[in-house]
Visitor: 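This is the structure, below, for whatever I ask next.
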Protein chains: 2
Amino acid sequence: MLHLLAGAGEAPTVPQPMLYDNSARSHRDIAGPLLSSRTIVFHEGFARSPIYRVVDGCVATFQTLADGRRQIIDLVGPGRLIGLGASEYNRHSAETLGFTRLELLSAPLVANQFESALTETLARSQALAMLLGRKTAPERLASALLDLAEQFGRPARERKRGAVTFHLYPTRGDLADWLGLTLETVSRCLTRLKKADLIDIQRGDLVTLLDPRQLAHIAVGDQTLSH
Amino acid sequence: MLHLLAGAGEAPTVPQPMLYDNSARSHRDIAGPLLSSRTIVFHEGFARSPIYRVVDGCVATFQTLADGRRQIIDLVGPGRLIGLGASEYNRHSAETLGFTRLELLSAPLVANQFESALTETLARSQALAMLLGRKTAPERLASALLDLAEQFGRPARERKRGAVTFHLYPTRGDLADWLGLTLETVSRCLTRLKKADLIDIQRGDLVTLLDPRQLAHIAVGDQTLSH
DNA sequence: CGGAGCTTTGACACGACTCAACGTGGGTGG
DNA sequence: CCACCCACGTTGAGTCGTGTCAAAGCTCCG
């Protein structure tokens, strides 16, 4: 089920914060409505959205081709901003990947961190280009898991080799659309990573990186993954 | 032969414009030395470079993996800026792809257009991610040629269907590193585009787009290219 | 118990890569 | 001035990684 949060058709000169959540229509808080999974925050080509900070949860930003092919540009976790690269209209869409709380940033608050946030977003986008253009499927998965661990991870109870555990917001299909692969290839690579004892997945969405250092080696091609 | 332009090892707090060109060492002009092909302007991981405007020619920005795999992040033509996404150190390298004239931008000059230039760079980087993650080889080539025409093109003498001609700065290998392909695949796709009468290539580096509209259809997958 | 949505696994196909040979054009030095 | 060289480009044959299509397995939840 898809909910809409912001972005009517026309472009107000001053972007208007128009927050409402169909699934819980009582919410009108500027501060932070709780959005359910698969809520569209803003839509590519629509009037520029205001800028939000992800307080909790996960947001995917993505572009879509006419025939339905989708490329996820970034997965955004707590603390980071969404709605950045827009000009008059949004350059991409944004969708929540789980229960997510956003915080609307006021103009002065934004100005403060605008440049550094934009620079970081650019750096991540360029790292993604490197990944998409030149890395193999296992390298992409290793890179992705390390990134997610950094954004969503808490140190695991098991202290072995700095293991990290995190909640996996994206589905296999989301990961595929992020990493330029298919759902099946993502699944197969995760299986290989499990069999190599580099990761563990419990209950489908709880991931533990058992050996981040080795994953990092795989991520940059210093080491290959067996079949 | 590789020339070095900027970026010693250590990081000065205030980035120092240190322009010199080994191939013509008399140049010390801040205004605009003429750089020969394959000159490194700044290097990934080195102290942050100042920001330049490309006056004439072409600059490639790229990242490299330890094993030599290279991903070109952007090809930058006249009027656009390089050196943008850097923090304390450069996030990528930059190299000229032909005789190129740069202009050093002073701090106030930069501030003026910093945000819009950064936003445009981000938009281009995200478009590249879409291309790398989800487009086929012919679609990538069509997209690339249209982009280059916009940056380097002058309307061709022949007025047929809005044909455009431009000087092709990148080699087949450069295009491959930009589009996430191999040199051979790029060559084969260009041959197919020629045989379909969509483009023409004279003297190896002068490209004419004979039917930009149809190329645009191919670029977004609305139409496929015969073999 | 049954169904929906997501995941896993297998068999097969195909696009892009690899390896290799050959062609072409511009520059250099004998 | 020509022969040679070198970098770049083209083309072909065969391989391989990833995509496609299909079936079956989980897990949650009504």
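Every heavy atom of this structure was used, including side-chain atoms; hydrogens, water molecules and symmetry mates were not. Lettering follows sequence order; numbering is per chain, from 1.
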Visitor: B/L183 CG to D/dC8 P: how many Å, rounded?
Guide: 10 Å
Visitor: Counting only heavy atoms and a strict 4.0 angstrom limit, can you tell me which residues of residues 128-140 of chain B come near DNA chain C?
Guide: B/T136, B/A137
Visitor: To the nearest angstrom, how far is A/E184 atom CD from C/dG10 atom C1'?
Guide: 11 Å
Visitor: Among B/L175, B/L190, B/V164, which residue meets the side chain to side chain contact (heavy atoms under 4.5 Å, CB included) test with B/L145?
Guide: B/L190
Visitor: Between the side chains of A/E120 and B/R91, is the shortest nitrogen-to-carboxylate-oxygen separation below 4.0 Å, so that they form an ion pair?
Guide: no
Visitor: Report the distance from atom CD of A/Q202 to atom P of C/dT7, rounded to the nearest whole Å.
Guide: 16 Å
Visitor: Does a salt bridge link B/R101 with B/D56, judged by any charged N lying under 4.0 Å from a carboxylate O?
Guide: no
Visitor: Name the residue closer to the 5' end of DNA chain D, choosing between A/T185 and B/S187 according to the nucleotide with the nearest heavy atom.
Guide: B/S187
Visitor: What residue among A/L131, A/I73, A/L128 forms side chain to side chain contact (heavy atoms under 4.5 Å, CB included) with A/W178?
Guide: A/L128
Visitor: Within this structure, what is the CZ-to-P distance between B/R192 and D/dT11, rounded to whole angstrom?
Guide: 13 Å
Visitor: Nearest whole Å is fine: how far is C/dC6 P from A/L175 CG?
Guide: 13 Å
Visitor: Ignoring hydrogens and geometry beyond distance, is a side-chain donor-acceptor pair present between A/R80 and A/Q151 at under 3.5 Å?
Guide: yes
Visitor: Take the angle between the ring planes of B/H43 and B/F46 and call it parallel below 30°, perpendicular above 60°, tilted in between.
Guide: tilted
Visitor: Given that A/P170 and B/T182 both sit by DNA chain C, which one's nearest nucleotide is further toward the 5' end?
Guide: A/P170
Visitor: Would B/M130 and A/L65 count as a side chain to side chain contact (heavy atoms under 4.5 Å, CB included) if you check the C-alpha gap in whole Å, the side-chain angles of each, and the deciding distance to 0.1 Å?
Guide: CA-CA 9 Å; B/M130 171 90 249; A/L65 246 33; 3.9 Å; yes
Visitor: Measure CG/B/L97 against C1'/D/dA7 and give the value in whole Å, please.
Guide: 15 Å
Visitor: Look at the side chain of A/L181 and decide which nucleotide, out of D/dT18, D/dT20, D/dT10, has an atom nearest to it.
Guide: D/dT18
Visitor: Nearest-Å distance, CG (A/L179) to P (D/dG19)?
Guide: 11 Å
Visitor: B/R188 or B/H227: which one's nearest nucleotide on DNA chain C is closer to the 5' end?
Guide: B/H227
Visitor: Check the distance between C/dG26's P and B/L206's CG and give it to me in whole angstrom.
Guide: 13 Å
Visitor: Counting just side-chain N and O atoms, does A/R172 come under 4.0 Å of either OP1 or OP2 of C/dT8?
Guide: yes
